[in-house]
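Here is the structure we will look at, set down as C-alpha cells.
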Number of protein chains: 2
Amino acid sequence: MKPETDARITDTRKKILDLAEALMLSRGFNAFSYQHISAELGVRNAAIHYHFPKKSDLGVALIERYCRRFERFTQAQAELSPGEQLEKYFELADRYFGQQQICPSGILSAELQTLPDDMRLQTQAFVALMRGWAADIVRRGRDAGVMHYPGTAEGMGDVVFAAMQGALQLARFDQQALQAVKLQIRLLLGCQ
Amino acid sequence: MKPETDARITDTRKKILDLAEALMLSRGFNAFSYQHISAELGVRNAAIHYHFPKKSDLGVALIERYCRRFERFTQAQAELSPGEQLEKYFELADRYFGQQQICPSGILSAELQTLPDDMRLQTQAFVALMRGWAADIVRRGRDAGVMHYPGTAEGMGDVVFAAMQGALQLARFDQQALQAVKLQIRLLLGCQ
DNA sequence: GACACCTTACTGACCAGTAAGTAGAGTCGC
DNA sequence: GCGACTCTACTTACTGGTCAGTAAGGTGTC
C-alpha cells in the first residue's frame, strides 16, 4: 500500500524537471528539446516521454513546481520586515543572474504566443503570484512607514516586478545593470 | 546609370523585413520560420534565402534597421522637452502593445543564449542605444528641474527602461499593467 | 503476474540551407 | 535595331538534420 503522501517523485522525474528548468531559464522553452535532457541524463528520449508524454506536460509541471516553490518561499519569509523581504526578492534575482538565467516569468511571457494553452494558463497564475507578492511587500512597507512612494502599492509593485524582470534581461549585456536597478529601487522606495 | 543613392531596396526585401519583424516581436526569433514569411508573401522559401541567405542575416538586418529607425526617432524628438520625450518613449511601448507585441530588446535578450554571434553583437548595440536614451531623458529632466529622483541618471534610466520592457511582457497577461507602470514612472519622476 | 520504468525502433512534420535552372529587363557592341 | 551577354529576382527540387511523439517489447520488483 502506498503511503498517503503520494508525493513520492522518482529520481529520474526530478532530474528531468531540474534539467528542464535550467534549460528553460537559459535557452527558453521552445529552444530546448527532449534530446538535450536525455543526453545529459544518460537515458533515451522515450524515457522522458514516459514521465511527460507531451512537452507541454513537462512545461506545466515546471511552472506548477515554481508556484509551489514560490509559495513556500513567501511563507518562509512571512515574518521578515518588508525591507528584508525586498532583499530576499533581490537575492532570488541574484541567484538567477549567477547562473546566466533570467526569471521564469520573463522567458515565459516573451514566448507566450507560442506556448500551448495549458502552459499559458499556468504561467498566468504564476505571474499573478509574483506580482501579488511585490505589491504586498511595498504595501506593507508603506504601512510600516519604512517605504515611501507616490501612487498605489499595486502600481509600485508592478514597477518593482517589471523592472527586476527587465533588469535580469539587461544584465545579459551588462553585468552591472542588475546591481544598478536594485540600488535604484531601494532609493526610490526610500529604504536604506 | 544608377542614381548615386544605392539605397534602393526591392519591394520583396522590404516586405520580408516587415513580416519578419512582426513575427519576431510576437513569436520570437527562434519561433518563426521562412515558411511563415514565404506563405504570407506568396513566394517560395528560396526567394527569402536569396535576399537573406542565412536566417541570422535576416536577424542582423532586422536589428540594424531598428538601430537606424531608433536613431532617426530620437533625432526627431531632440527638440522636445524631457517630459514630452518620456511620453514619446511611452507611445512607442503603446504601439507595440496594440499589436500584441513586446519590445525588440525584450525578446532578443530573452532568447540571447540561442542567437548566433552576429545577432548577439547587434542586439548589444541596440540595447545600448535604448538604455542611453532613457538615461538621457531623465538626466535632462533633472537638469531642467522637471524630474526629481534619487541616485544617478543612469540608474534611473535603467529602471525606466527595464520597467517598460518588463511591463510590455506583463501586459500580455493584464491589459492594465502597461498603463499602471507608465503612471507609476511618471509619479516616481515627479512629472505630472 | 501486475506494475513501474525503462528500451529499441520508428513515423511524419518541419526546419535551414543549397544547387541548378529560368524569365525578364537592361546593357553593350556593331 | 538586333543578337549576345549579364544581372536580378526568383523558381523547382532536393538534402540532411532535428523535432515531438508513438508502439511494442524487455526487465526487475513487489
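Labels below follow one simple rule: chain letters A, B, ... track the order of the sequence lines, proteins then strands, and each chain is numbered from 1. None of the values given here were measured: they were computed from a predicted structure.
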Any protein N or O atoms within reach of nucleotides 15-17 of chain C? Criterion: under 3.5 Å, listing atom names and distances.
residue	atom	partner	partner atom	Å
dC15(C)	OP1	Ser33(B)	OG	3.3
dC15(C)	OP2	Gln35(B)	NE2	3.2
dA16(C)	OP2	Tyr34(B)	N	3.2
dG17(C)	OP2	Lys55(B)	N	2.6
dG17(C)	N7	His49(B)	NE2	3.1

Check the phosphate of [N] against [X], side-chain N and O only, distance under 4.0 Å to OP1 or OP2. Yes or no?
| X | N | result |
| --- | --- | --- |
| Thr12(B) | dC10(D) | yes |
| His51(A) | dC6(C) | yes |
| Tyr50(B) | dC10(D) | no |

Q.
What is the distance, to the nearest angstrom, from the CD1 atom on Ile16(B) to the C1' atom on dA9(D)?
A. 10 Å
Q. Roughly, in whole Å, what's the span from CZ in Arg13(A) to C1' in dC5(C)?
A.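 Spelled out: CZ on Arg13(A) to C1' on dC5(C) is 13 Å.
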Q: Applying side chain to side chain donor-acceptor pair (under 3.5 Å), name anything that partners Asp57(A), two or more places apart in sequence or on another chain.
A: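 For Asp57(A) there are no side chain to side chain donor-acceptor pair (under 3.5 Å) partners, ignoring immediate neighbours.
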Q) With sequence neighbours left out, what residues match Glu84(A) under side-chain contact (heavy atoms from CB on, under 4.5 Å)? A) Leu80(A), Ser81(A)
Q) Looking at residues at least two apart in the chain, or sitting in another chain, which of them share a side-chain contact (heavy atoms from CB on, under 4.5 Å) with Ser109(A)? A)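 Scan of Ser109(A) (side-chain contact (heavy atoms from CB on, under 4.5 Å), adjacent residues dropped) gives Gln165(A), Gln169(B), Phe173(B).
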Q: Check the angle between the aromatic planes of Trp133(B) and Phe73(B) and answer parallel, tilted or perpendicular using the 30° and 60° thresholds.
A: perpendicular
**Q.** Pairs meeting criterion salt bridge (charged side-chain N to carboxylate O under 4.0 Å, His left out) with involvement of residues 34-53 of chain A, two or more places apart
**A.**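 Sorted pair list comes back empty.
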Q) Applying salt bridge (charged side-chain N to carboxylate O under 4.0 Å, His left out), which residue pairs with at least one partner in residues 154-170 of chain A are found, sequence neighbours left out? A)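 Qualifying pairs: Arg131(A)-Asp158(A), Arg139(A)-Glu154(A).
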